[in-house]
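Since the structure comes first, as structure tokens, the remarks are kept for the end.
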Amino acid sequence: RLVYRAWAKGYLMRLRHGAYMVAPKYRTVKVSEFVVAGQMVPNSYISFESALSYHGWIPERVVQVSSVILTGRSRHFETPLGDFEFEYVHLPVNESEFLSGVTREEYQGQPFLMATPLRALADYVYDRKIEWTSIDWLLDGLRIEEENLRTLTLADFQQVSSVFRARRVLSFLNGIQRELFATTTS
């Protein structure tokens, strides 16, 4: 009842059923959409275009915070938090490797989980059912800079490859790896 009364009086803002936060006029600290995403659905991490944009790998500003969940069904939330919508996508991955390629980040002391660029890319490929053609799709289609791809190491590929069982994703990761490391040795 206390939460309902606070919400009814405007002290709290409802994000979704069972998830509230202090209304903007009563907050002293700016809230990050990534922190909110992690709090709305526990055991999730930010991925897809949201993570690629966060890491500076794609130039577009993303207004939908997309996260990955291990269990449950995919879902979408619109909140009163300005421009942002929240999407949670279930990906069937190796359960013991769910957080491989995911790091803990902070915004003003508030933690959230964020996919590394390669993990976000692998999640994107799986979810959008993208087949490997060449590295040109990454450079021209997603507009990822080649110097960003050149920061990837063999250890990054091994870590992210252990997460997926899908041939399409493994083929995509192998394709990137072949093209990146073939051109660095020639």
Side-chain angles (χ1 to χ4, degrees), residues 30-38 40-41 44-70 74 76 81-91 93-94 97-108 110-164 166-185:
K30 184 181 181 297
V31 177
S32 165
E33 63 276 9
F34 299 129
V35 174
V36 171
M40 281 180 52
V41 178
S44 65
Y45 66 88
I46 289 87
S47 190
F48 307 109
E49 297 98 329
S50 303
L52 292 171
S53 178
Y54 174 83
H55 291 294
W57 276 45
I58 59 173
E60 290 80 22
R61 178 180 178 268
V62 179
V63 295
Q64 177 171 290
V65 179
S66 300
S67 300
V68 172
I69 54 176
L70 179 61
S74 297
H76 180 92
L81 281 178
D83 303 351
F84 288 96
E85 296 177 11
F86 298 90
E87 174 187 43
Y88 297 87
V89 178
H90 171 265
L91 294 184
V93 297
N94 293 328
E97 299 292 331
F98 178 66
L99 293 177
S100 290
V102 175
T103 60
R104 182 182 184 272
E105 304 284 329
E106 282 190 15
Y107 176 80
Q108 295 184 352
Q110 302 168 6
F112 58 93
L113 296 176
M114 176 70 68
T116 60
L118 187 60
R119 176 65 190 266
L121 191 56
D123 291 344
Y124 183 87
V125 165
Y126 182 87
D127 188 55
R128 304 308 193 287
K129 296 176 177 46
I130 297 169
E131 298 289 339
W132 174 254
T133 53
S134 75
I135 205 162
D136 294 335
W137 180 81
L138 296 170
L139 302 175
D140 300 331
L142 283 179
R143 299 183 341 167
I144 294 174
E145 296 292 329
E146 191 169 350
E147 63 250 18
N148 288 333
L149 292 171
R150 297 251 175 247
T151 63
L152 298 172
T153 65
L154 287 173
D156 295 329
F157 284 97
Q158 290 169 342
Q159 181 183 48
V160 173
S161 293
S162 69
V163 175
F164 293 92
R167 285 191 198 123
R168 181 181 347 100
V169 177
L170 297 174
S171 171
F172 201 94
L173 292 172
N174 287 333
I176 297 171
Q177 193 173 350
R178 269 193 318 274
E179 285 201 36
L180 280 179
F181 295 112
T183 56
T184 57
T185 58

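Please read these numbers as outputs of a predicted model, since none were measured by experiment.
- With rounding to the nearest 0.5 angstrom, the CD atom of Gln159 is 13.0 Å from the CG atom of Leu154.
- For the pair Leu152 and Phe181, the tightest heavy-atom approach, listed with the atom from each and the gap, is O-CZ, 3.8 Å.
- Distance CG/Leu138 to CD1/Ile144: 5.0 Å, rounded to 0.5 Å.
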Check your understanding: Going through the checks in order, is the side chain to side chain contact (heavy atoms under 4.5 Å, CB included) test met by Val163 and Val169?
Key -> CA-CA 10 Å; Val163 175; Val169 177; over 6 Å; no

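- With rounding to the nearest 0.5 angstrom, the CD atom of Glu146 is 6.0 Å from the CD1 atom of Ile135.
- Ser53 contributes a side-chain N or O that, together with a main-chain N or O of Glu60, makes up a donor-acceptor pair within less than 3.5 Å.
- Atoms OH and CG, from Tyr124 and Leu142 in turn, are 5.0 Å apart once rounded to the nearest 0.5 Å.
- When every heavy atom of Leu52 is checked against every heavy atom of Pro117, the shortest pair comes out as CD2-O, 3.6 Å.
- Of the candidates Met114, Glu33, Glu105, Met114 is the only one forming a side chain to side chain contact (heavy atoms under 4.5 Å, CB included) with Ile46.
- Annotation: Tyr54 is in aromatic contact with Phe34 [ring centroid separation under 6.0 Å].
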Exercise for review: Walk me through it: do Thr151 and Glu147 pass the test side chain to side chain contact (heavy atoms under 4.5 Å, CB included)?
Suggested key: CA-CA 7 Å; Thr151 63; Glu147 63 250 18; over 6 Å; no

Exercise for review: Could you walk me through whether Val125 and Leu173 pass side chain to side chain contact (heavy atoms under 4.5 Å, CB included), step by step?
Suggested key: CA-CA 9 Å; Val125 165; Leu173 292 172; over 6 Å; no

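- Scanning both residues, Trp57 and Asn148, for their nearest heavy atoms gives CZ2-O, 3.2 Å.
- Within 6.0 Å of atom CZ in Arg128, more than 12 heavy atoms from other residues, nucleotides or ligands are found, so the atom counts as buried in its surroundings.
- With rounding to the nearest 0.5 angstrom, the OG atom of Ser134 is 11.5 Å from the CZ atom of Arg178.
- Under a 3.5 Å cut-off, the side chain of Arg119 and the backbone N or O of Ser47 do not form any donor-acceptor pair.
- The closest donor-acceptor contact from the side chain of Thr116 to the backbone of Gly101 lies under 3.5 Å.
- To the nearest 0.5 Å, the span separating CZ on Phe164 from CG on Asp123 amounts to 4.5 Å.
- Among all heavy-atom pairs drawn from Ala37 and Tyr88, the shortest one is O-OH, 2.7 Å.
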**Study point:** side chain to side chain contact (heavy atoms under 4.5 Å, CB included) between Glu85 and Val63, worked out
**Key:** CA-CA 7 Å; Glu85 296 177 11; Val63 295; over 6 Å; no

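- In terms of heavy atoms, Ser67 sits closest to Phe48 at O-CE1, 3.9 Å.
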